[in-house]
There are 2 protein chains.
Amino acid sequence: METRELRYFVAVAEELHFGRAAQRLGIAQPPLPRAIRQLERRLGAALLERTSRTVTLTEAGSVLLREGRAALEAVEAAERRTRRAALAATGHPGVVLATKAGASSELLAKLLDAYAAEPDAVTVDVLLCGIGEQERLLRDGRADVALLHQPFDATAAFDVEELRTDGQVVVLPAGHPLTGRTHVQTAEVTALPGLPMPRWPGPDGTYPDGPGPQVREHAQLLQLIALGRACAILPDSHRAQLGGDLAAVPVLDAPTVTTVIAWPPHSRSRAVAGLVQTATRL
Amino acid sequence: METRELRYFVAVAEELHFGRAAQRLGIAQPPLPRAIRQLERRLGAALLERTSRTVTLTEAGSVLLREGRAALEAVEAAERRTRRAALAATGHPGVVLATKAGASSELLAKLLDAYAAEPDAVTVDVLLCGIGEQERLLRDGRADVALLHQPFDATAAFDVEELRTDGQVVVLPAGHPLTGRTHVQTAEVTALPGLPMPRWPGPDGTYPDGPGPQVREHAQLLQLIALGRACAILPDSHRAQLGGDLAAVPVLDAPTVTTVIAWPPHSRSRAVAGLVQTATRL
DNA sequence: CGGGATCGATACCCGCGCGGTATCGCTGCC
DNA sequence: GGCAGCGATACCGCGCGGGTATCGATCCCG
């Protein structure tokens, strides 16, 4: 199976429309059915059900869509990492670290400082990214190492080292009645009148249904809370970034959040190893 | 990057010899340097250092070797899983479970029995495999689910669910002086006179240096121990399989072994889900 | 119920590129 | 210095991927 065939199939499977898929691939429409048929012959499996009007995935087709995406990502990762390795060899070493924008900033600062003090430190480019974006960056080779938060980020498929564990706090507008409490329970804050929990986009970019505001960044969320339009349960480490217009109260029964440093398995980069070692020693 | 190019490069990188690589690939020699050069141009990276006598990998080349192997495995996995899904759709559903030959046999029996009693159970083909082979089977799509043993098997890249934790015991020939003890320490048994620890093959198939006998299977190992030629530290669960010519003594400071059921991430198979659920309820 | 619009499939052609054979050129070794 | 081994090059043929033109089926709309 060639990556070209896979790319074609994934495009058609995603669009469920040969014409649009061809447009997306930058080719004419006729080669597409041919390529897919050939793929089906080679695999001995029907991938698409076509009528002259519509295209749907078969069971095998949806398996190939999932697995094929992963395989294409692996190929692209190989390509990118090779390019980066070549760049590094010709005098521009460096690692790319991905982390959630607005999270763990003080841990991150400590890590960068400590690593920079190492004798064989290289440049660390920090990639601040949106929710759930880091895993993709790590998988497709755009990042070499990332700070992830269990249990929110999927850490399967990566090697990880735990860095710290935090309890969670509910972040409220300053002056809210609950801010006087020393601690609360989850149930007390999930349905506060007028302060719904925000909705984060899922991996597919869509938002779940619910009353809360749609948010994409931490800064945006904190602003919404300050305005008295929402509240949120966040790791304790965010407290340091809260301004005077926000208050935090520990939530006793919320799951603890573990910050981990993660890197792709079989990464042999000296720089990544050094960064990980520095991180675990903090 | 096409998988053909990747396959070519991996072959050359592994053989470090264009002629042998061509032979292995079943093509003539001339297309190979051309394909590799084209790949190098496309990547903008030197992958191989060639003299007219020898070939060596550059830094970027060894990165592409590692990453390319993983990518090829992902592509092959996609292919195999699609074929299996198509087979399953045409009336032959079933899952393949990989487990170490000779390990966890009683846990495995319980699992298979319990799962077979489920209303929507499908055929479970059990693949007994050698040391370290399961991860590969799981990755390349030959198996759908596996029983692994932490910390010996690499579980990164998989979703896992813990099933049980065992202490470890040292297995000795019956009548050995230590068999009278209620427990021992690791240090007491790693260098017993005349009873060296066996050597298992590494991921590359070679054996580490050392005094112990080279073993590849549990049965072989148990026989060697019964003959008084070796001893071994194994999970407690192996006790049930020991005949009268063998004895086991708990090793207090050996790491505990966790048996986990593992499956590839984003596996959506109903059968795998059922198997996992059954396993966790045992 | 018929005609146009839409979309996948087919027919056919062209040109690139992959793979083959023959051969060269360099290097290390006896 | 001659031979053997190995990678690189030259050159050729054909298969296949991609293009244009067109067909044929289905849905929609009046």
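Throughout, protein chains are lettered first and strands after them, A, B, ... in sequence-line order, and every chain is numbered starting at 1.
For Thr3(B) and Arg7(B), the side-chain atoms include at least one donor-acceptor pair closer than 3.5 Å.
Under 4.0 angstrom from either OP1 or OP2 of dG7(D) there lies no side-chain N or O belonging to Arg53(B). Distances shorter than 4.0 Å separate none of the side-chain N or O atoms of Gln29(B) from OP1 or OP2 on dG20(C).
For the pair Glu49(A) CD and dA9(C) P, the computed distance is 12 Å after rounding to whole Å. Between the OH atom of Tyr8(B) and the P atom of dG17(C) there is a distance of 15 Å, given to the nearest Å. With rounding to whole Å, Gln38(A) atom CD is found 14 Å from dT10(C) atom P. Following rounding to the nearest Å, Ile36(A) (CD1) and dC7(C) (C1') show an atom-to-atom distance of 15 Å. Atom CD of Gln23(A) and atom C1' of dG18(D) are 17 Å apart (whole Å). Straight-line distance from the CD atom of Glu5(B) to the C1' atom of dG19(C): 14 Å, rounded to whole Å. In this structure, Arg4(A) atom CZ and dG18(D) atom P are separated by 5 Å, rounded to whole Å. In this structure, Leu16(B) atom CG and dG7(D) atom C1' are separated by 14 Å, rounded to whole Å.
Under 4.0 Å is where a charged nitrogen must lie from a carboxylate oxygen, and between Glu135(B) and Arg139(B) no such pair does. Using a cut-off of 4.0 Å between Lys/Arg side-chain N and Asp/Glu carboxylate O, Glu14(A) and Arg69(A) are scored as salt-bridged.
When heavy atoms are screened at a 4.0 angstrom cut-off, Arg34(B) is found touching base atoms of the nucleic acid. Contacts of Glu2(B) with the nucleic acid, taken as non-hydrogen atoms under 4.0 Å apart, are absent.
Positionally, the nearest nucleotide of DNA chain D for Thr51(B) lies more toward the 5' end than for the other of Ala28(A) and Thr51(B).
Closest to the side chain of His17(A), from the set dG19(C), dA10(D), dC7(C), is dC7(C). Listed candidates were dT9(D), dG7(D), dA9(C). Nearest to the side chain of Arg37(B) is dT9(D).
Val122(A) and Gly94(A) make their closest contact through CG2-CA, 3.8 Å (heavy atoms, listed as atom of the first residue, atom of the second, distance).
Considering only heavy atoms from C-beta on, Leu48(B) comes within 4.5 Å of Leu57(B) through its side chain.
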